[in-house]
Protein chains: 2
Amino acid sequence: MSQRNSAVTVEVKAAPSGEHDPVACTVLQVLDRVSGKWAIGILLECAHGPRRFTELERAVKGISRRMLTLTLRNLERDGLLTRTVYPTVPPKVEYTATPMALELYESLVSLASWAERHRSEIADARSAYDHSSAPDPTL
Amino acid sequence: MSQRNSAVTVEVKAAPSGEHDPVACTVLQVLDRVSGKWAIGILLECAHGPRRFTELERAVKGISRRMLTLTLRNLERDGLLTRTVYPTVPPKVEYTATPMALELYESLVSLASWAERHRSEIADARSAYDHSSAPDPTL
DNA sequence: CGGTATCCCACTCGATACTG
DNA sequence: CAGTATCGAGTGGGATACCG
C-alpha cells in the first residue's frame, strides 16, 4: 500500500465534508463517525467498561477481524476510544470509551427513542408505499 | 430493470437490520434512513416548508437529479416526506416534511450540538493520532 | 418541469491467509 | 492474543442522456 501521504497505514475514512448547510454539515460529520455497521455496537460494548480485542470480536457478533480493527482505529482516531497496550506476553490490549463517547451515546439514545416512538408509523408508511405501486394482478 | 418483485421500480434500500443488540439495532435503523450524503440536507430544506423538485435541486448544492430522486423516494417511503403532485401543465410537485420528520430533526440537532461541543477535541485527537504514526523524516 | 435509464468508478466490507 | 495483507463482491453515488 505505497501511498505518498504517509500518515496512516490502515484505511482511514477520508472526511467527505464540504457541505454548504452548517447544520447538515455538522450532523453529517457525526454520522460519518458512527455510521457503518459496526461502530455503534463497538462503542456500546466499550461503554460498559474496558474491552479486549477478542472480547469485542465475540461480543459484536458477525464482525470480522479486519472490520473490527478498522472500526477500532477510526474510533480511536476520533478520540472516542482509548487504546491501552500492556506489553505482556501474550499481548493484551484494552479499548475504553472516552467521556466524549459516553456523551455521544446519550444523544444516540434520543435517536433510538425517536425510532421507538415512530416504529409502527414508519412500518405503515413503508407498506403503504410498497403496495401503492401495485403489482399488475393480470400477471 | 426487469425484476419479478414488481413493487418499486427505483432502487430502494433493503433494510440490513438483523443486529443482536436492541439499542445498536434501533439506532442503526434510524441511521440507515438518514445516512447517505443527501437525506439530511433534503430533510432540512423541506422542514422549512414545501419545496419543489427543482428548488431542492438548487438548494441542495452538488446533488444530481438521480440522487435527488432516489433520496426523495426513500424518504417518502419511510413517511418522512409527503409528495404532492399538482396535475397542471407544466407539472408541479411539492415535497413536505411530515411531523415525524420534524421530530427527528430535533434529535439530529442534539447530535449536532454534541459535535459542536467536541469539535476541537475531535480535531485534536485526529491530529495527535495522525502525527503519532510519524512519517519517516529521512524520505 | 420532473423525472428515468445506463454506465461506471470508488469505496465498503467479507473471506481468507499470514505474522509478531 | 492482536493484529496485517490481499483479493473480490456488492453498493453508493456521479455523469450523462433521454422521456411524458
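Note that the structure is a prediction, hence the values are computed from the model and not measured. We name chains A, B, ... by the order of the sequence lines, and we start the count at 1 in each one.
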Whole-Å gap separating C1' (D:dG13) and NZ (B:K61): 20 Å
A:R52 vs D:dC1: side-chain N/O to OP1/OP2 distance below 4.0 Å: no
Integer-rounded Å distance: C:dC11 P and A:L70 CG: 14 Å
Salt bridge (charged side-chain N to carboxylate O under 4.0 Å, His left out) between B:E103 and A:R117, worked out: CA-CA 10 Å; B:E103 262 190 72; A:R117 288 199 304 279; 2.8 Å; yes
Length of the line joining A:L28:CG and D:dG12:C1', which is rounded to integer Å: 14 Å
Short side-chain N/O contact to C:dG3 OP1/OP2 from B:R83, under 4.0 Å: yes
Derivation and outcome, side-chain contact (heavy atoms from CB on, under 4.5 Å), residues A:L70 and A:M67: CA-CA 5 Å; A:L70 242 38; A:M67 286 317 293; 4.1 Å; yes
Between the protein and nucleotides 14-19 of chain D, list the N/O to N/O atom pairs that are separated by less than 3.5 angstrom.
unit_1	atom_1	unit_2	atom_2	d
D:dG14	OP1	B:K37	NZ	2.8
D:dG14	OP2	B:W38	NE1	3.2
D:dG14	O6	B:R66	NE	3.1

Lys/Arg-Asp/Glu bridge criterion (N-O < 4.0 Å) met for B:R51, B:E45: yes
Flag for B:Y95-B:R83: side-chain donor and acceptor within less than 3.5 Å: yes
Polar side-chain atom of A:E116 near backbone of A:S113 as donor-acceptor pair, under 3.5 Å: no
Difference in axis direction between the ends of the helix from C:dC1-D:dG20 to C:dG20-D:dC1, five pairs, 10°: 40°
Length of the CZ-P vector between A:F53 and C:dG20, whole Å: 17 Å
Value in whole Å for how far the P atom of D:dG13 lies from CG of B:N74: 10 Å
Gap between atoms CG and C1', on B:L72 and C:dC1 respectively (whole Å): 14 Å
D:dA2 OP1/OP2 closer than 4.0 Å to side-chain N/O of A:T54: yes
A:L68 CG to C:dA15 P, straight-line distance once rounded to whole Å: 14 Å
B:V30 backbone acceptor or donor facing A:W114 side chain under 3.5 Å: no
Flag, side chain of A:T71 to backbone of A:L68, donor-acceptor distance under 3.5 Å: no
Same apolar cluster (I L V M F W Y, side chains within < 4.5 Å links), B:L72/B:L102: no
Sugar-phosphate only, base, or nothing, as touched by A:Y95 at under 4.0 Å among non-hydrogen atoms: sugar-phosphate
Working for side-chain contact (heavy atoms from CB on, under 4.5 Å), residues B:R33 and A:I122: CA-CA 11 Å; B:R33 254 160 219 122; A:I122 292 175; 3.7 Å; yes
Atom-pair distance (OH on A:Y86; P on C:dG20), nearest Å: 25 Å
